[in-house]
Structures are given as structure tokens and as C-alpha cells.
There are 2 protein chains.
Amino acid sequence: MRKKMRDNTNESAVARLREAGLRPTRQRNELADLLFKEGNRHLTAETLHAEAVGKGIRVSLATVYNTLHQFTHAGLLRQVMVDATRSYFDTNTIEHHHFYYEDEGLLADIPGTEMVAVDNVPNAPAGTKVSRVDVVVRLKRD
Amino acid sequence: MRKKMRDNTNESAVARLREAGLRPTRQRNELADLLFKEGNRHLTAETLHAEAVGKGIRVSLATVYNTLHQFTHAGLLRQVMVDATRSYFDTNTIEHHHFYYEDEGLLADIPGTEMVAVDNVPNAPAGTKVSRVDVVVRLKRD
DNA sequence: ATAGCTGCAAATGCTTTGCAAGGCC
DNA sequence: GGCCTTGCAAAGCATTTGCAGCTAT
């Protein structure tokens, strides 16, 4: 009655993993579903783990960490640094920028973000190249 | 022969601390000297502690952490988030932006930084105001 | 079969904290 | 003197790692 493991698994997630050279295991498939099924998300390892467990997915926190890093290396996720204590991961890997709600510890895309422009960025110093440009607009309660 | 403790201490550091409502203790004076005597600096607690110890200043790492945070709250320092594992402090509290050398874990001001402009930043969402805008140009070895 | 994953628990690394001793006003 | 500060060591947290058992191919 449960011969196939992939029945309730999003095919695109599996394909995505294969392309990235990652074995589509149950945990990775299920996490990928959570991550990529609904628009852009911003989450921490704890957050994702809690959500997974809440939905009945059996996965350890260590695996969530591993998976997030593997996905990041594979280019499926982007890691955003806004808080000294937590690491945020963003499912939107296209160049874009963020609002960070300092009081809530919440990260969000800047709406219409393609309009934000950073001008006059100097050339990268000799021997280096720009890896990426991060813009974070920090917000606090009014 | 050592009645006065403030002999070799930078007067401006003491004044700075008094204005901030912080008692000018030996440790705070000496750390302030290291921090503010020579232009803009970017350092971590470890870095500063090592430097202090190297110069014969007796101070514990815990006090360095406390002092960095007190200075930050007093507006003498600014905390910059670029690395999930380390907290950087910047002695330049004026709005400006950074290069981050990912390979070396080194943070630096963007030269001529006043020329970098961030355009079309949307208004802060209702109930919030912009605390600050951080721009980090991440560099990697070529 | 076997190389790659997962989970647990222990380890790590940065940072914070409790509290007794010491310093500043 | 009284309150603030320091230092040490212990505690705290998020994250990583070692390794035995499990899984995808």
C-alpha cells in the first residue's frame, strides 16, 4: 500500500534536486516542497524545521541545516545576513533587496524591488570581483 | 608613583565616555583609545581583545563584549552584520557602505562612499520607519 | 551492493551571564 | 560608602560534526 514513495511529492522539486546533483530523498523532497511551492519565502533553520514538524514531516534539525546549506550551494537558495544570531535563507535567488523588521526579526522582499537602484558602486578592488550586492532597509516600529 | 590613573589616557576618549553617560574606567578608556585614535576601524570582539592584550592592556574578553555593546548603544559604534558567525563593529557611525572580503572575513569602507546612492527606496511600511539602510558589496577572490 | 543521507547526541564557537572582588565618584 | 564595573568561569544558543544505521540507485 505504500510501495512508491514519491506519490505525494512535487515532481518539480525532484527534478530541481536532480539537476542540482542532489539525491531526491524523502526529507529533501518534502523540504523542497515547503520551500518552493508557494512564492518567495524567508526563513531560518528553526522556522523551517518547526513548519515541517508541524505538518507531520519527520526530519531532524540537523538535516534541515544540512539541506539548507546544500540547497544554497546548489544555487536554489540564498543566505541573507541581517541578524547576528540567526541565519536567514531566501527562496528568491534573483538579485533583489530586503526589508528587515528589527522588532519582529522578520525579513521580506522590498516590493517592486527591481526599482531600487544602487548607483556609483566603485569597481571591485584588484584581485577581487563582486560576489553580490546586498541592500537591507532596516525598519523599526514607529 | 602612580597616583593618577589617567596619565597616559586620551582626554577626548574620557570626554566621549562622560557624554555618553559611561564611567570612564581604565578598560573603557583604553579600549576607546584603540577604537577611536586612528580613523575608521572595523573589528570584532576577538580582534579588539587580541589587539588590546597585544599592547599590554589588561582586559577580559567579556569586558570587551560589554564595552562594544555599551559603545554601540551610546552611538559611538555601529554594528554591521555581514557574517553569520561574527559581529563586526564599525567606528564610523555616519551613514556609509561596505566592502566585505568574503575570503578573508575583512570589512572595509567603500572608498568615496558618499557617492554610492541607493535610489527608489520605497517608503517604510505603515507603522514603521527606516532605522537605516545597509549596503554591503560582497567581494570574492578573482 | 554501495555511495550517499539521516538522525541523534556530543562538540564547537561566539556571545552572554552570575556573582564575588575591585574601582570610581 | 555605595553603586557601577570587571573578570572569571559557567551557561547559553545557534550551528556543525562524528558515526552508526538507513536509503536511493
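Reminder, nothing fancy here: chain letters follow the sequence lines and each chain counts from 1. These numbers were taken from a predicted model, which means no experiment stands behind them.
Between the OH atom of B:Y65 and the C1' atom of C:dG18 there is a distance of 18 Å, rounded to whole Å. The nearest whole Å value for the distance from the CZ atom in B:R58 to the C1' atom in C:dG22 is 11 Å. Distance, A:R23 CZ to C:dA3 P: 10 Å, rounded to whole Å. C:dC14 atom P lies 17 Å from atom CG of A:D83, rounded to whole Å. In this structure, the CG atom of B:N66 is 14 Å from the C1' atom of C:dC19, given to the nearest Å. Separating the CG atom of A:L48 from the P atom of D:dT15 is a distance of 12 Å, rounded to the nearest angstrom. Taking atom CG of residue B:L61 and atom C1' of nucleotide C:dT17, one finds them 13 Å apart after rounding to whole Å. What separates CE of A:M81 from C1' of D:dT15 is a distance of 13 Å, to the nearest Å.
A donor-acceptor contact shorter than 3.5 Å is absent between the side chain of B:H42 and the backbone of B:L106. A donor-acceptor pair is defined here as one N or O able to donate and one able to accept, closer than 3.5 Å; such a pair exists between the side chain of A:D103 and the backbone of A:R141.
At D:dT5, one or more side-chain N or O atoms of B:R28 fall inside 4.0 Å of OP1 or OP2 (strictly under the cut-off). Contact annotation: B:H69 reaches the phosphate of C:dT16 (side-chain N/O to OP1 or OP2, under 4.0 Å). Between C:dG4 and A:T25, no contact under 4.0 Å exists linking OP1 or OP2 to a side-chain N or O. Note on A:R26: every side-chain N or O is 4.0 Å or more away from OP1 and OP2 of D:dA24. Phosphate proximity of D:dT6 to B:T63: absent, as no side-chain N or O sits under 4.0 Å from OP1 or OP2. Side-chain nitrogen and oxygen atoms of B:Q27 include none within less than 4.0 Å of the OP1 or OP2 phosphate oxygen of C:dG23.
You'll find the side chain of A:V133 stays beyond 4.5 Å of the side chain of B:R138, heavy atoms only. A heavy-atom distance below 4.5 Å is not found between the side chains of B:V118 and A:H97. The shortest distance between side-chain heavy atoms of A:S131 and B:Y100 does not fall below 4.5 Å. Looking at heavy atoms from C-beta onward, A:T67 lies out of side-chain contact with A:Q27 at the 4.5 angstrom threshold.
In the set C:dG7, D:dT25, C:dT15, the nucleotide with an atom closest to the side chain of A:V59 is C:dG7. Among the nucleotides D:dT17, D:dC8, D:dC4, the one closest to any side-chain atom of B:S60 is D:dC8. Candidate nucleotides D:dT15, C:dA9, D:dA24 were compared by shortest atom distance to the side chain of A:P24, and D:dA24 ranks first.
Within residues 85-93 of chain B, the residues having any heavy atom under 4.0 Å from DNA chain C are, by residue number, B:T85, B:R86, B:S87.
Salt bridge absent: A:R58 and A:E30 never bring a charged side-chain N and a carboxylate O closer than 4.0 Å.
A tilted orientation is assigned to the rings of A:H69 and A:Y65, their planes being inclined by 30° to 60°.
Looking at heavy-atom distances under 4.0 Å, B:H49 makes no contact with the nucleic acid at all.
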